[in-house]
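Before any comments, here is the structure.
Just so it is clear, the values below take in all heavy atoms, side chains as well, and ignore hydrogens, waters and symmetry mates. Note that ligands are numbered from 1 as they come in the structure, with each ligand's atoms numbered from 1 the same way. Throughout, residue positions are numbered sequentially from 1 according to the sequence presented.
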Amino acid sequence: MSDIAEIKIGGKVYEFPVITGSEGEKAIDISKLRDLTGHITLDFGYKNTGSTKSAITFLDGEKGILKYRGYSIEELAEKSTFLEVAYLLIYGDLPSQNEVSEFQSQISRHTLIHEDMKKFLDGYPSKSHPMAQLSSLVCSLSTFYPESLNANSSPETMDLTMIKLLAKFPTIVSFIYKKSLGHPLIYPKNKFDYVSNFLNMIFGQRTEEIEIDPVVVSAMNTLLILHADHEQNCSASTVRMVGSSDCNLYASVSAGIDALWGPLHGGANQAVIEMLERIKEDGGDTEKWINKAKDKNDPFRMMGFGHRVYKNFDPRAKIIKKACDDILEKLGIDDPVLEIAKKLEEAALSDPYFVERKLYPNVDFYSGIIYRALGFPTDMFTVLFALGRLPGWIAQWKEMHENKEPIGRPRQIYVGHTNREFVSIENRK
Ligand code: SDX
C-alpha cells in the first residue's frame, strides 16, 4: 500500500505522507495541508483525527484489543500489580523486583500531604461531590511544591514531582472520603503496599486495626490496572492539552480529573449504578428501559454502553464482568442490580438498535457493582476511576514533554456574522 495520500482540490492533486504505526495503523500526515492548500480539516470530536504518536497504549476497537506498552490487558490484570503497571506505563518497561521495591519505597516517603491541605476539606460543603474536591486538592499540590511549577525542570525534579503525585493521590482520596463521613482521617502507613495502604486509609478506623481482605486487595489491583490508561481518551487528551502550554503536572492532572467527571466519560460508572437502581425501583422491566434508550425523543441513554473506539466488546468489561461474579461470590454478596445488569446486557446485545450501532458494555458497565460490593459509596466511583487512571495521565504528560510537542491549538471554521456596522447603545433597539 502506498505511503502517499493524494487529495485533489480545484483540479490540483496534493500529496501527503502516510505514516504507519507499529501495529499497522495508518495516518495521513496533514501538517502541511493548510500551507499547501489553504484548507483545514473539520472533525467534530476528533473521531478521525490523531493528535500525537504515542508508545504507551495500543487499542484496537474493532478487535477489542488493549495493550499497555505491548503487554495485553488480560495478562497484566491477571499477573501484575497496579504499582508494577504504573511503573510500566510511566517508565516504559515492567520493573524488576528491585525496581518495584525502590519505587514503592520512594512512594512511601511521600504519602503524607501538607497538614494545611486539610483546611481545604473543612471549607467544602459536607455533601459536595468528591470529584470537585479531588480536582482542586490535586491542583493545590502545586502551591505546596513550587519546584513542580517548572514543567521543564531537571529529570530528577520531574521524577520527584511524579512520585509525589502518585504517593499523595490515595491519601487525598481517602481524606476526602473520611471527611464526607465525619470520621477521623486515617494516615498512610509504610508497612502497607500501595493498594493495601489505600484500602486501610479508606476502611480503617482510629479505634482498631482492621484486617485488609486479600480478596479486596486483589480486586482493587485488577480494577485499577484496567483503568490505568486508554490512549487519547477525553481526560488523557485534556492532560496533554493543558500540559502542552508548559503548565505543571498537578494542574494538568487536575484538568484531566474534571474531564473524567463527565457522565459520558468516567462519570458513567456512577451513572450506571444510578441507572440500575432506577430500573430496579421501577420494577426491573429491562425491555422498557431498552426501548427508552432507543427512543430518540427520550434523553435516556444506556449508561455503560457504547464507546467511541470499541465497536466490539471492551476487553476490560469482559474481565470486570467475570471479576464481578467471583468477588460477589467470595464476599457472599447478592446484589440484585447485578442480575438487572446481566439482563440488560443480554437484551441489548440481541437488539438490532444496539447491534447495528455496535454498542457493547464498556468498562463502566460492571465496575460500579464491584466498587459497591467492596464498600464504596456511588459518588466515590469516578474518584476510583481517577485513582486508576493517574499513572496513565502521568505517562501521557511525560511523553508529550519528552517528545517536545507543540502547544495544542486546533483551528476552526467560522460560521458567524461577517461585517456588521457598530451601532451606539443609544441607537440600539
Ligand atoms: C469511558 O474514550 C475512552 O477511551 C473512554 C474510556 C476510557 O477508558 O478512558 O473508555 C472510558 O468514557 C467509557 C464510556 C463511558 N460512557 C458511557 O457509558 C455513556 C453512555 N455511552 C455514550 O454516551 C456513548 O456511547 C459514548 C459517549 C461513550 C460514545 O459516543 P460516540 O462515539 O460519540 O457515539 P455517538 O454518541 O455518536 O453514538 C452513535 C449512535 C447514536 O445513535 P444514532 O445517532 O446513530 O441513531 O449510538 C447511539 C447514539 O444515539 N448511542 C447510544 C448509546 N451510545 C451511543 N444509544 C443509547 N445508549 C447509549 N449508551
**Report entry** For Ser245, all residues meeting side chain to side chain contact (heavy atoms under 4.5 Å, CB included), sequence neighbours excluded
**Finding:** Cys247, Ile407
Report task. State whether a side-chain donor-acceptor pair under 3.5 Å links Ser136 with Tyr124. Result -> yes
Requested in this report: Is it possible for you to check whether Arg69 lies under 6.0 Å from the centre of the six-membered ring of Tyr71, through NZ or CZ, and within 45° of that ring's axis?
Outcome: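 Here Arg69 fails the 6.0 Å and 45° test against Tyr71.
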Report task. Would you please indicate if the ring centroids of Phe376 and Phe381 are separated by under 6.0 Å? Result -> no
Query - Ser54 and Glu399: CA distance, side-chain angles, deciding distance, side-chain hydrogen bond (donor to acceptor under 3.5 Å, both in side chains) verdict - result: CA-CA 8 Å; Ser54 177; Glu399 180 180 70; 2.6 Å; yes
Report task. For residues Lys342 and Tyr366, determine if any side-chain heavy atom of one lies less than 4.5 Å from a side-chain heavy atom of the other. Result ->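 Result yes, sub-4.5 Å side-chain heavy-atom pair found.
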Query raised in the report: Measuring from each atom of ligand 1, which residues have a heavy atom under 4.0 Å away?
Result: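 For ligand 1, the residues that come within the 4.0 Å heavy-atom cutoff are Lys47, His230, Asn233, Pro263, Leu264, His265, Ala268, Ala293, Lys296, Arg301, Met302, Met303, Gly304, Phe305, Gly306, His307, Arg308, Arg316, Tyr353, Arg357, Leu359, Asn362, Asp364, Phe385, Arg389.
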